[in-house]
Amino acid sequence: MKTIETIVVPPREGRAVTVESGTAFRVVDVEGSQVADLFAFNAADVGEYHSAMHTRAIVSRLFPRVGESFWTNHRRPILHLERDDTPAVHDMLIAPCDAERYEGLGVEGWHASCTENLVGAMRDLGHDRICVPASINLFMNIPVGDDEVLGWDPAPTSPGDSITLRAAMDCIVVVSACPQDIVPINARNPTSIAIELLEEGA
């Protein structure tokens, strides 16, 4: 598959793109060790969106494997996982960061967040009222210890590592280059993410 369009998501920002059913796209960690919060909404009805809890129930694991799908709150497939050219470490347990998260971490004043990036990107498309779903946290390393305590480790990705998905319906995809710089999931140095829309063929 060749790239027909690349959307660069700058550090700490988010971007939205409409992806037609059957179209594949790649999410790329440009510089390495950067989490990408991914959201997907039914383009015809944004009240239907990727749901982490429904996905876990259907695939019976914490995160889908290649060949499996991400499912919506209406229990319909929305994204199909086609390739994973990374160390295959991702997360669907942790909520997207928000203003309250940073306040709890001791930040004073405004701090960019994945929730704000999502809401702003959807507002730019004319969707002023949306649910903020649990995100698909690509490249995010949240190990679960034997004592069930969650770790917050740096993303293990190298520059250029990517994951490839295919839309199972017309959908709006939003990607946030996670701004988290307090806990070490981005090695405390947020960098950029790229979205590559793909075309079949060489």
Side-chain angles (χ1 to χ4, degrees), residues 3 6-17 24-40 50 52 55-56 59 61-68 70 79-102 104-107 111-118 121 132-165 173-196 198:
T3 301
T6 299
I7 299 100
V8 175
V9 185
R12 306 173 190 267
E13 297 185 15
R15 295 290 185 272
V17 60
F25 65 96
R26 184 183 295 124
V27 181
V28 184
D29 185 353
V30 177
E31 298 183 44
S33 296
Q34 174 61 43
V35 171
D37 280 39
L38 172 68
F39 305 87
H50 162 260
T55 299
R56 288 193 298 266
V59 302
R61 64 180 93 252
L62 290 177
F63 198 90
R65 292 179 178 171
V66 171
E68 297 179 334
F70 298 87
L79 298 174
H80 182 70
L81 178 52
E82 292 209 334
R83 288 181 58 112
D84 190 353
D85 297 303
T86 77
V89 175
H90 311 285
D91 168 72
M92 286 198 308
L93 294 175
I94 302 302
C97 58
D98 51 29
E100 292 77 13
R101 170 65 166 155
Y102 290 107
L105 289 171
V107 174
H111 192 290
S113 72
C114 289
T115 295
E116 182 177 289
N117 289 343
L118 167 65
V132 176
S135 44
I136 302 169
N137 299 314
L138 300 178
F139 322 134
M140 187 166 173
N141 189 7
I142 304 293
V144 181
D146 292 338
D147 53 2
E148 298 185 355
V149 171
L150 301 180
W152 299 86
D153 292 355
T157 38
S158 299
D161 282 358
S162 68
I163 192 168
T164 303
L165 305 113
V173 170
V174 179
V175 175
S176 173
C178 181
Q180 178 60 260
D181 53 6
I182 309 301
V183 301
I185 59 168
N186 299 313
R188 294 192 174 91
N189 179 38
T191 55
S192 59
I193 293 289
I195 310 165
E196 297 178 353
L198 304 175

[X] versus [Y], closest heavy-atom pair with distance:
X	Y	value
T6	A194	CG2-CB, 4.2 Å
A121	A16	CB-CB, 3.9 Å
P179	R12	O-NH1, 3.5 Å
C97	C114	SG-N, 3.2 Å
V183	W152	CG2-CE3, 4.2 Å
P87	T157	CD-CG2, 4.0 Å

**OP:** Quick one: do L38 and L165 satisfy side chain to side chain contact (heavy atoms under 4.5 Å, CB included)? Show the steps, please.
**Re:** CA-CA 11 Å; L38 172 68; L165 305 113; 4.2 Å; yes

Original post:
Which residues satisfy the salt bridge (Lys or Arg N to Asp or Glu O under 4.0 Å) test with R101, sequence neighbours excluded?
Top reply: none

**OP:** Could you tell me which residues satisfy salt bridge (Lys or Arg N to Asp or Glu O under 4.0 Å) with D153, sequence neighbours excluded, listed by chain and number?
**Re:** none

**OP:** Assess whether side chain to side chain contact (heavy atoms under 4.5 Å, CB included) is satisfied between T55 and M92, documenting all intermediate values.
**Re:** CA-CA 9 Å; T55 299; M92 286 198 308; 3.8 Å; yes

For the backbone of [Y] and the side chain of [X], can you confirm whether one donor and one acceptor N or O come within less than 3.5 Å of each other?
X	Y	value
Q34	T191	yes
S33	N186	no
N137	L93	no
H90	M140	no
E116	S113	no
R188	I182	yes

Rounded to the nearest 0.5 Å, how far does [atom2] of [Y] lie from [atom1] of [X]?
X	Y	atom1	atom2	value
L150	E148	CG	CD	9.0 Å
S162	L138	OG	CG	10.5 Å
T164	L79	OG1	CG	12.0 Å
L118	D98	CG	CG	11.5 Å

Original post:
Just wondering, are more than 12 heavy atoms of other shown residues or ligands nearer than 6.0 Å to CG in D146?
Top reply: no

Original post:
Is atom CZ of R83 surrounded by more than 12 heavy atoms (other residues, nucleotides or ligands) closer than 6.0 Å?
Top reply: no

Do [X] and [Y] have side chains that get closer than 4.5 Å, going by heavy atoms?
X	Y	value
I185	C178	yes
P154	N141	no
V173	V27	no
I136	F63	yes
P11	S192	yes
T86	D29	no
L105	Q180	yes
L81	R65	no

Subject >> Test log, rule side chain to side chain contact (heavy atoms under 4.5 Å, CB included), inputs I193 and V28 >> reply: CA-CA 6 Å; I193 293 289; V28 184; 6.0 Å; no

**OP:** Could you check whether the rings of Y102 and H111 sit parallel, tilted or perpendicular, using 30° and 60° as the cut-offs?
**Re:** parallel

